[in-house]
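One structure is given here, and the rest of the page talks about it.
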Amino acid sequence: MAQEKRLVEEITPMAVDFAQWYTDICKKADLIDYSSVKGCMIIRPYGYAIWEHMQRILDTRFKELGHENVYMPLFIPESLLNKEKEHVEGFAPEVAWVTRGGSEELTEPLCVRPTSETLFCEHYANIIRSWRDLPKLYNQWCSVVRWEKTTRPFLRSREFLWQEGHTMHATAEEAIAETLQMLNVYAEFHEKVLAIPVVKGRKTDSDKFAGAEATYAIEALMHDGKSLQAGTSHYFGDGFARAFDIQYADKENKLVYPHQTSWGCTTRMIGGIIMTHGDDSGLVLPPAVAPIQVVVIPVAMHKPGVVEKATEIADRLRAAGIRVKVDVSDNSAGWKYAEYEMKGVPVRLELGPRDIEAGQCVLVTRHNREKAVVSLDGVEAAAKEKLEAVYNGMFERALANRQAHTYDCRSAEEIIAALEAHGDGFVRAMWCGEEACEDEIKARTGVSSRCIPFEQEHIADTCVCCGKPALHLVYWAKAY
RNA sequence: CGGGAUGUGGCGCAGCUGGUAGCGCGCAUGCUUUGGGAGCAUGAUGCCGCAGGUUCAAGUCCUGUCAUCCCGACCA
C-alpha cells in the first residue's frame with residue numbers, strides 16, 4: 001500500500017518536531033543549503049528570488065520616501081568601531097576580525113561590519129557642514145556578520161543579508177518622525193505584502209540597540225507561539241554625532257549636532273514567512289513575493305494538444321502580469337501537486353483534456369487547498385482573484401492564530417497557567433518599568449518582554465511582577 | 001559558551017563481540033503510464049564528516065576537530 005510506503009515523507013509534521021519541520025521546509029522547498037562554515041547558508045535560487053521580491057518592494061518604498069542607496073565598506077577599523085562606547089560594548093562579543101592581509105599582520109585589526117553606524121558616521125562627519133546638507137537619507141543593501149553561537153537558517157546566521165537605513169536630521173522631532181515612519185513602512189510591508197500581522201512598539205531599555213536612545217520594533221507571532229522580531233528602527237538622538245564629531249552650522253551660524261536614526265530588516269523575514277504561514281505540506285508563500293505565483297500543471301500531458309494549451313494559458317497569464325511557470329517535466333501530475341505545495345506556490349492551475357474540451361481549468365489555492373473550476377475565458381481575472389484570496393486567507397488565518405494565542409495576565413501565576421493551558425503565545429501584562437521585574441518574569445515564566453506596544457490598554461493597575469503601580473502594557477513572549 | 005543527540009552513495013537509514021560496505025527512495029536509460037508523490041526492466045553513484053592514534057586489519061575502538069539538530073545563556 002502507498003500508505004505504508006509513506007511516499008510523502010519529505011517534511012516532518014509540525015506537531016512532531018517544530019524545529020525539524022522548519023529545517024525541512026528550508027531544505028525541501030529549495031530555499032537554502034548549508035555551507036562548510038557554521039552559520040553561513042547558501043541561499044538557493046528559489047529562496048533568493050523571494051528575497052529579491054522583498055528587496056524590490058521595500059527599495060521602491062524607501063525611494064518614494066526620499067532615501068538614496070549607497071555602499072559602505074565591509075571593514076571597520078578597530079579604532080572606528082570603538083568610538084561609541086555603548087555601541088562597541090554591545091557588538092564586540094559577536095564581531096569577526098581580520099588580523100592578517102596576505103602574509104602580513106595588520107597594524108590595526110579590521111572588524112567585519114556587524115552593522116554600519118560607525119561607517120556612516122565617519123562619512124557623515126565629512127559631508128555634513130551646513131543645515132542645507134540635511135537631512136541625509138541613506139540606505140544600503142548588504143550583508144553583515146555577527147559571530148552567533150547558535151545558528152539557524154534565516155533566523156540566526158553568522159552572515160545575513162539586510163538593508164540598513166542611516167539618516168541624519170536637523171532636529172530631534174524630525175529624526176523621531178523618521179524612526180517611526182520607517183517602523184510603519186516595515187509594519188505595512190509585513191501586513192500588506194507578507195500577510196504577517198505585527199505588533200508595533202518600543203523596546204524596553206534592556207532590549208535596546210547598542211547606542212540607541214530608543215529602539216522600536218515589530219513583533220510577529222509564529223506557529224509555535226514564539227515571537228519573531230521582524231524589523232527594527234532606532235532613534236539615536238545626537239549620541240553618535242557627539243562621539244563622531246558630526247556638526248553643522250545652523251541658520252543662525254551656530255555649530256550644532258544633528259539627530260540620527262537607523263533601521264533595518266533582514267532575510268530573517270523569510271523565516272517569518274515559513275513559521276507564520278507554512279503547514280505540514282510545506283511552504284505557503286504570500287503572492288506578492290512568490291517567485292512563482294501560478295504554476296500550470298498539464299494533466300495527461302501525452303494527449304495531443306494538452307501541453308500546447310497549457311503553454312498558451314501560461315503565456316496569457318504572464319501577459320497579464322502574473323509570474324507563471326508551466327511544468328512540462330515528465331513527473332506525474334500528483335508528484336507536481338506535492339512538489340509545488342512544498343514550495344508554497346500560491347495558486348495551481350490544473351489543465352487536462354477534459355478541461356480543454358469543456359473550456360475550463362481547475363484553480364487550487366495553496367493555503368486552503370480549495371479547488372475551483374473556472375472558464376478559460378477570463379482565466380487571467382480568475383487567477384488574480386485567487387491570488388488576492390490567498391493573501392486575504394493567509395492574513396486572516398495568521399491574525400486568528402495570534403488572537404487565539406494572546407493572553408491578558410495579571411500575575412506570574414496567570415502567565416504560567418495561560419501558557420500551560422493554551423500553549424506559548426503573546427502575553428499581555430502590565431509593567432512598572434523596572435528591569436528587575438522584567439528579569440524576574442523571564443526567570444519565573446520563560447517569557448521576556450517583546451515590546452511596549454503603541455496601542456496601550458490599561459488591563460490592570462499594578463505591575464504583573466512586583467505589584468507596584470504599572471506604567472505600561474507590555475507584550476511578553478518566548479522569542480527567537 | 002555549557003548540557004544532550006547525530007554525521008555511512010543525492011535523501012532516509014542498516015551495518016552485532018574490528019575481517020575488502022548494504023537496503024529503500026531518488027538519479028540515468030527504455031517501454032508502459034499520467035485528474036493527488038505511477039509500474040516493470042536495466043544501470044550508475046561511497047576518501048563511512050575531517051585529522052590523528054591503537055591494530056596484521058578500523059565504518060566499527062580511542063583522541064581531537066568540524067558541522068547539523070535539541071535544551072539553556074547571548075542575539076536581527
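In what follows, chains are A, B, ... by sequence order, proteins preceding strands, each numbered from 1. On a predicted model such as this, the values are computed, not experimentally measured, just so you know.
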_Summary of protein contacts for nucleotides 64-74 of chain B, nucleotide by nucleotide, where a base hit scores B, a sugar-phosphate-only hit scores S (4.0 Å, heavy atoms)_ = ---SSSS-BBS
_Once side-chain contact (heavy atoms from CB on, under 4.5 Å) is applied, do any residues pair with Glu188(A), and if so which ones, sequence neighbours excluded?_
Lys192(A)
*Residues in ring pair (Phe, Tyr, Trp, His ring centres under 6.0 Å) with Trp141(A), at least two apart?*
Trp51(A)
*Name every residue in residues 446-454 of chain A that has at least one heavy atom under 4.0 Å from any atom of RNA chain B, in order of residue number, or write none if there are no such residues.*
none
*asked:* Give the residues of residues 262-288 of chain A touching RNA chain B, defined as any heavy atom closer than 4.0 Å, sorted by residue number.
replied: Thr266(A), Arg268(A)
*Can you give the dot-bracket line for RNA chain B, using ( ) for pairs inside the strand, [ ] for pairs that cross earlier ones, | for pairs with another strand and . for unpaired bases, where Watson-Crick and G-U count if both distances are under 3.5 Å?*
(((((((..((((.....[..)))).((((((.....)))))).....(((((..]....))))))))))))....
*What ring-ring contact (aromatic ring centres under 6.0 Å, His included) pairs are there with at least one residue in residues 193-224 of chain A, not counting sequence neighbours?*
His87(A)-Phe209(A), Phe91(A)-Phe209(A), Phe209(A)-His234(A), Phe209(A)-Phe236(A), Tyr216(A)-Phe454(A)
*Apply side-chain contact (heavy atoms from CB on, under 4.5 Å) to Asn331(A) and list each qualifying residue two or more places apart in sequence or on a separate chain.*
Ser329(A), Trp335(A), Lys336(A)
What nitrogen or oxygen pairs link the protein and nucleotides 27-35 of chain B at under 3.5 Å?
from: rU34(B); atom 1: O2'; to: Ala300(A); atom 2: N; distance (Å): 2.9
from: rU34(B); atom 1: O4; to: His302(A); atom 2: ND1; distance (Å): 3.0
from: rG35(B); atom 1: N7; to: Arg354(A); atom 2: NH2; distance (Å): 3.4
from: rG35(B); atom 1: O6; to: Arg354(A); atom 2: N; distance (Å): 3.3
from: rG35(B); atom 1: O6; to: Asp355(A); atom 2: N; distance (Å): 3.4
from: rG35(B); atom 1: O6; to: Asp355(A); atom 2: OD2; distance (Å): 3.2
from: rG35(B); atom 1: N1; to: Asp355(A); atom 2: OD2; distance (Å): 2.4
from: rG35(B); atom 1: N2; to: Glu350(A); atom 2: OE1; distance (Å): 3.2
from: rG35(B); atom 1: N2; to: Asp355(A); atom 2: OD2; distance (Å): 3.3

Output side-chain donor-acceptor pairs under 3.5 Å for residues 304-312 of chain A, partner residues at least two apart or in another chain, one line each.
from: Glu308(A); atom 1: OE1; to: Gly305(A); atom 2: N; distance (Å): 3.4
from: Thr311(A); atom 1: OG1; to: Val307(A); atom 2: O; distance (Å): 2.7

*Using side chain to side chain donor-acceptor pair (under 3.5 Å) as the criterion, list what pairs up with Arg354(A), not counting sequence neighbours.*
none
*Considering residues at least two apart in sequence or located in another chain, which fulfil the side-chain contact (heavy atoms from CB on, under 4.5 Å) criterion with His472(A)?*
Arg202(A), Trp431(A), Ile452(A), Gln456(A), Val474(A)
